[in-house]
Amino acid sequence: MTYGKYPKYKDSGIEWLGEIPEHWEVRRLKYIAKIFNGKECDKLDSGQYPVYGSGGIFGWFNQWLHDEPSVLLGRKGTIDKPQFVEEPFWTVDTAFYTVVNEEITTPKYFYHLCCTIPFGFYSSKTALPSMTQTDLYEVKFSIPDLREQELIIAHIEKEISVVQKTINNIQKEITLVEEYKTALIAEAVTGKIDVRGWSPNSKGNG
């Protein structure tokens, strides 16, 4: 198997992760970040601070709960979509917010790590999926040094930018096709297209 440019690899000891570069460390989440519970708002209003639940922003509040970059992890409901937040925010009790140990990693790299968590393995087997702080704290990650983390983040963001550009172009094409479909239907049902000589076996307008 080809492993890119790293000269040596070792077993991570994590079944779902496999081998990692030899110089990387394996650490549990509890040594990387602290997890905090969200709190209920008195009421949602027209405040300036976004209010997050496990599924994303659903309102605004006039106070913030945390004002530094953080990774939000779902506690109930949507548990498998970590969110990276840079502006001051409030979280309700369906989501945790985190404070990373910056001697080990950065919030942005920690976000990318959290996106690799096999949530189905750790979540409770109930009608409403849920995660506990205890289970999250035991999740293991592979960690390079801070400089290498910066390089990894830069690579990820560059590749994501290319993918997003492709998605945007495809969406524009889909929009044009939808507009053409709508115009075609309108012209056909308003008599602007003469279809009397058309048959299912005909090709194009010829």
Cluster link [X] to [Y], ILVMFWY, side chain under 4.5 Å:
X    : Y    : result
F84  : I153 : yes
I79  : I117 : yes
L176 : L184 : no
W90  : F36  : yes
V139 : V100 : yes

Do [X] and [Y] touch side chain to side chain, with heavy atoms closer than 4.5 Å?
X    : Y    : value
W16  : T116 : yes
Q149 : L146 : yes
M131 : R75  : no
P82  : F119 : yes
P69  : K108 : no
W64  : Q48  : no
L17  : V26  : no
Y31  : K140 : no

Is it the case that the side chain of [X] and the backbone of [Y] share a donor-acceptor pair, with hydrogens and angles ignored and the cut-off at 3.5 Å?
X    : Y    : result
Y137 : I35  : yes
S161 : E157 : no
S12  : I20  : no

More than 12 foreign heavy atoms under 6.0 Å from [atom1] of [X]: is that the case here?
X    : atom1 : result
K10  : NZ    : yes
Q164 : CD    : yes
E103 : CD    : no
K30  : NZ    : yes
F58  : CZ    : yes
E102 : CD    : no

Checklist entry - In terms of the angle between their ring planes, are H23 and Y6 parallel, tilted or perpendicular, with boundaries placed at 30° and 60°? => result tilted
Item to check | Single hit among L72, V71, L136 for side chain to side chain contact (heavy atoms under 4.5 Å, CB included) with F96 | outcome: L136
Please round to the nearest 0.5 Å and tell me the distance separating atom [atom1] of [X] and atom [atom2] of [Y].
X    : Y    : atom1 : atom2 : result
Y52  : H66  : OH    : NE2   : 12.5 Å
Q133 : L29  : CD    : CG    : 10.5 Å
T78  : Q83  : OG1   : CD    : 8.5 Å
Q171 : I174 : CD    : CD1   : 6.5 Å
L73  : Y111 : CG    : OH    : 11.0 Å
F110 : S70  : CZ    : OG    : 8.5 Å

Which heavy-atom pair separates [X] from [Y] by the least distance, and what is that distance?
X    : Y    : result
D11  : G18  : OD1-O, 4.0 Å
L65  : G38  : CD2-CA, 4.2 Å
G74  : S54  : CA-CB, 3.8 Å
P144 : Y109 : CD-OH, 3.2 Å

Next on the checklist: What verdict does the side-chain hydrogen bond (donor to acceptor under 3.5 Å, both in side chains) test give for E173 and N169, after you've listed the backbone C-alpha separation in whole Å, the side-chain angles of each residue and the deciding distance to 0.1 Å?
Outcome noted: CA-CA 6 Å; E173 292 181 6; N169 289 336; over 6 Å; no
Next on the checklist: In this structure, is the centre-to-centre distance between the rings of Y49 and F61 below 6.0 Å?
Outcome noted: no
